[in-house]
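Chain naming here is simple, since letters A, B, ... match the order of the sequence lines and numbering starts at 1 in each. These values consider heavy atoms only, across backbone and side chains, with no hydrogens, waters or symmetry-generated copies.
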There are 2 protein chains.
Amino acid sequence: MTIAKIAELAGVSKATVSRVLNNSGYVAEKTRRKVMKIIEEFNFVPDSRAVNLSKSMTRTIGLVIPTTSGPFYMEVIRGIEDVLAANGYYMLLMTFEASRDKNETRKKYRSLLDEKRVDGLIVFDPEADESFVQEMANAKKPCVYLGREYPKVPIDTVSADNFTGSRLMMLHLLEHHGFRKIAFVRGPLDSYHGLERLKGYRKTLREFGIGYDENLVFCGNFTREGAEKIAKKIFAVNPEAIFASNDEMALGIIHKAKQLKIPLSKIPIIVGFDDAPWAEHINPALTTVKQPMYDIGKTAARIMMDRLSGDRSKVPMKVKLHTSIVIRESCGCLKAAFE
Amino acid sequence: MTIAKIAELAGVSKATVSRVLNNSGYVAEKTRRKVMKIIEEFNFVPDSRAVNLSKSMTRTIGLVIPTTSGPFYMEVIRGIEDVLAANGYYMLLMTFEASRDKNETRKKYRSLLDEKRVDGLIVFDPEADESFVQEMANAKKPCVYLGREYPKVPIDTVSADNFTGSRLMMLHLLEHHGFRKIAFVRGPLDSYHGLERLKGYRKTLREFGIGYDENLVFCGNFTREGAEKIAKKIFAVNPEAIFASNDEMALGIIHKAKQLKIPLSKIPIIVGFDDAPWAEHINPALTTVKQPMYDIGKTAARIMMDRLSGDRSKVPMKVKLHTSIVIRESCGCLKAAFE
DNA sequence: CTGAAAGCGCTTACAG
DNA sequence: CTGAAAGCGCTTACAG
């Protein structure tokens, strides 16, 4: 079934069928009904490829996310889909596999634009460097980068404020709990997020007039295993609290403490960052910093919709969303239901 | 940039440019080089919409999954993407939101086919009834249904063997642990998976000559909250073990036990089903049945690729993948590292 | 080995 | 209000 056959059966021209299909231009009510009847009878649906070719669009946006870093990207997907679905857009999903070459993947997602497979791209690729992102900014189609900022690149970004998240946690530990000797487990040296979180730690200490002590800062790699290896060293400095800059590492440290048979009461306060799906279920339930993944997705999709509906020349949006701290048992605020 | 412009600049016809682009037909080496040079100079990429319209394909397959039921669908996505990427296919993702009308969503994913937005569809929609799936089977494009079987419908399916998973767990409880009084917490009445799991429970009991006792079977709704509400009743029948037919419910029961301050040693063995991301992290780490989500995705994508490359008339594939039990602390096999 | 032409299935000024 | 025609950017027999 094509528009031509429908036209023939209805005894009108293709143009007219197109008009009733799109509700555009003038069509006599009588004609419309005649055409609609045939369309419905044959359950006709226009070929999107032809429509898109003619209208030079795709009604599809591409989403690129890592699969590796676990499950909370599902929230980003939800946020985006909610907006896209409401606007009649579709989502092409491409994932960053740890196993695949990153630059290959970048080339591939870039080509989604060139091949006109999508009208725009939303990308979660915190390791992309400035020059590459600048290239993407030069594309004729809109791109929104997620997860971090590129202050010097004129491109839309949506990220969570990791610095302030870290600061909020520090405030909680310093003000509410009154701790002064707080150990910090940082991520790998080249991680943007890792650096932001470390900055939050340092800056907040300074605000409180507490000297920055290098011996209290431990270098982890954002994995549980890595944290388990350095846990002993951390315990050795006898901190009042340990701020692991992600939940995985917090988990590793808690685990190591259990292995070492250190009684719960003797374990320093351990807090994390990310609010992993299991964070509330471990023992003790983890106090942590939560990133608004759903809202990141939603905001990104909204910006994309705006760009696609003409807001093209506007200044780049640099959205930074609030992170919040989730207070549970591990910092001691909520008593464990079951010891 | 279009093929026409490239042709003009290279001083050849569009047909020739198309040939070098597709590596098809004969092209003199000299001509090829001349054309390639222009293509590269202008960084020309053909418009996929035009290509797809001409070749009547899309190189895209649609994936439909629920977002609600948590994060393990990410594994399915990974499995599918691995295969698709290797074959140069793209993935259009559509999600089932709890908030949206299911039938609307069905209509929508069906229309992906009609609109020729995708070459085929992989669908995770265990609530779809037979008549609807039959409709999908009648479509001219291939569909693979995930998560459950439709024995009477001639359609490809890939599912995990929930029945046997349930049976394996029962065998473990019966043979290894020697329990006889095993309570079972079932899911809602209309859930396919819930029923399969219940069957596994019943059948295995019968094998062991143990009478089916209705008082040992409790009706949950697959949620933690629901399970918490009925936990007391379960404890009241004094079972040796509680087989919750999903992890959420197992968690609810464990939680309730903690609230009731029942000492760990007095809590009957509690096991689950699903291997949720937090299952290994809770206390006690949950013994559970694991479904091979990655392999489900991979298998589905492989079937799809086969169908698209001509295996069209073949008999429907009904793949059932093995589930396995993951033995942890909650059944008592592994001692908790930390009590 | 190469090109002219028809075709894929739509949309959209333009003319009437 | 409606239709003929050109156009979107490619591919593919067909002829030479």
Without decimals, in angstroms, what is the distance between [X] [atom1] and [N] [atom2]?
| X | N | atom1 | atom2 | answer |
| --- | --- | --- | --- | --- |
| Leu53(B) | dT12(D) | CG | P | 12 Å |
| Glu29(A) | dT2(D) | CD | C1' | 15 Å |
| Ile3(B) | dT12(D) | CD1 | C1' | 12 Å |
| Asp47(A) | dG9(C) | CG | P | 7 Å |
| Glu115(B) | dG9(C) | CD | P | 16 Å |
| Asn23(B) | dT12(D) | CG | P | 13 Å |
| Arg49(A) | dG9(C) | CZ | P | 8 Å |
| Lys116(B) | dC8(C) | NZ | C1' | 11 Å |

### Message
As an exercise, state the distance from CD1 of Ile65(A) to CD1 of Ile77(A), rounded to the nearest 0.5 Å.
### Response
4.0 Å
### Query
To the nearest 0.5 Å, how far apart are NZ in Lys116(B) and NZ in Lys141(B)?
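Between atom NZ of Lys116(B) and atom NZ of Lys141(B) there are 6.0 Å.
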### Message
Between Thr58(A) and Asp119(A), does the side-chain hydrogen bond (donor to acceptor under 3.5 Å, both in side chains) criterion hold? Intermediate values first, please.
### Response
CA-CA 6 Å; Thr58(A) 67; Asp119(A) 291 337; 2.8 Å; yes
### Message
Any strand counts, and the cut-off is 3.5 Å on both contacts for Watson-Crick or G-U wobble. Which nucleotide pairs with dA4(C)?
### Response
none
### Query
Do side-chain atoms of Asn162(A) reach the backbone of Ala160(A) as a donor and acceptor pair under 3.5 angstrom?
yes
### Query
Of all of residues 35-46 of chain A, which get a heavy atom below 4.0 angstrom from DNA chain D, listed by number?
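Per residue number, the list is empty: none.
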### Query
Checking salt bridge (charged side-chain N to carboxylate O under 4.0 Å, His left out) against Arg110(B), which of Glu115(B), Glu104(B), Glu135(B) comes through?
Glu135(B)
### Task
Would you sort out whether Glu8(A) and Lys5(A) count as a salt bridge (Lys or Arg N to Asp or Glu O under 4.0 Å), showing the intermediate values?
CA-CA 5 Å; Glu8(A) 199 187 322; Lys5(A) 295 224 180 80; over 6 Å; no
### Summary
Of the listed dC1(C), dT2(D), dT12(C), the closest approach to the Tyr26(B) side chain comes from dC1(C)
### Message
side-chain hydrogen bond (donor to acceptor under 3.5 Å, both in side chains) for Tyr294(A) and Asp82(A)? Distances and angles first, verdict last.
### Response
CA-CA 10 Å; Tyr294(A) 176 82; Asp82(A) 277 355; 2.5 Å; yes
### Query
Taking only N and O in the side chain of Asn52(A), is any of them less than 4.0 Å away from OP1 or OP2 of dC8(D)?
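Checking Asn52(A) against dC8(D): no side-chain N or O falls below 4.0 Å of OP1 or OP2.
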### Message
With heavy-atom distances below 4.5 Å as the criterion, would you say the side chains of Ser309(B) and Asn87(B) are in contact?
### Response
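With C-beta onward as the side chain, the pair stays apart.
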### Task
Please name the pair of heavy atoms, one in Tyr109(A) and one in Leu121(A), separated by the smallest distance, quoted to 0.1 Å.
O-CD2, 3.3 Å
### Query
Base, sugar-phosphate alone, or nothing: which one does Ser18(A) contact when heavy atoms must sit under 4.0 Å apart?
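Base, at least one base atom sits under 4.0 Å.
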Heteroatom pairs (N/O) under 3.5 angstrom, protein to nucleotides 3-7 of chain D:
from: dG3(D); atom 1: OP2; to: Ser13(A); atom 2: N; distance (Å): 3.0
from: dG3(D); atom 1: OP2; to: Ser13(A); atom 2: OG; distance (Å): 3.2
from: dG3(D); atom 1: OP2; to: Thr16(A); atom 2: OG1; distance (Å): 2.8
from: dG3(D); atom 1: N7; to: Arg19(A); atom 2: NH2; distance (Å): 3.4
from: dG3(D); atom 1: O6; to: Arg19(A); atom 2: NH2; distance (Å): 2.4
from: dG7(D); atom 1: N2; to: Ser54(A); atom 2: OG; distance (Å): 3.3

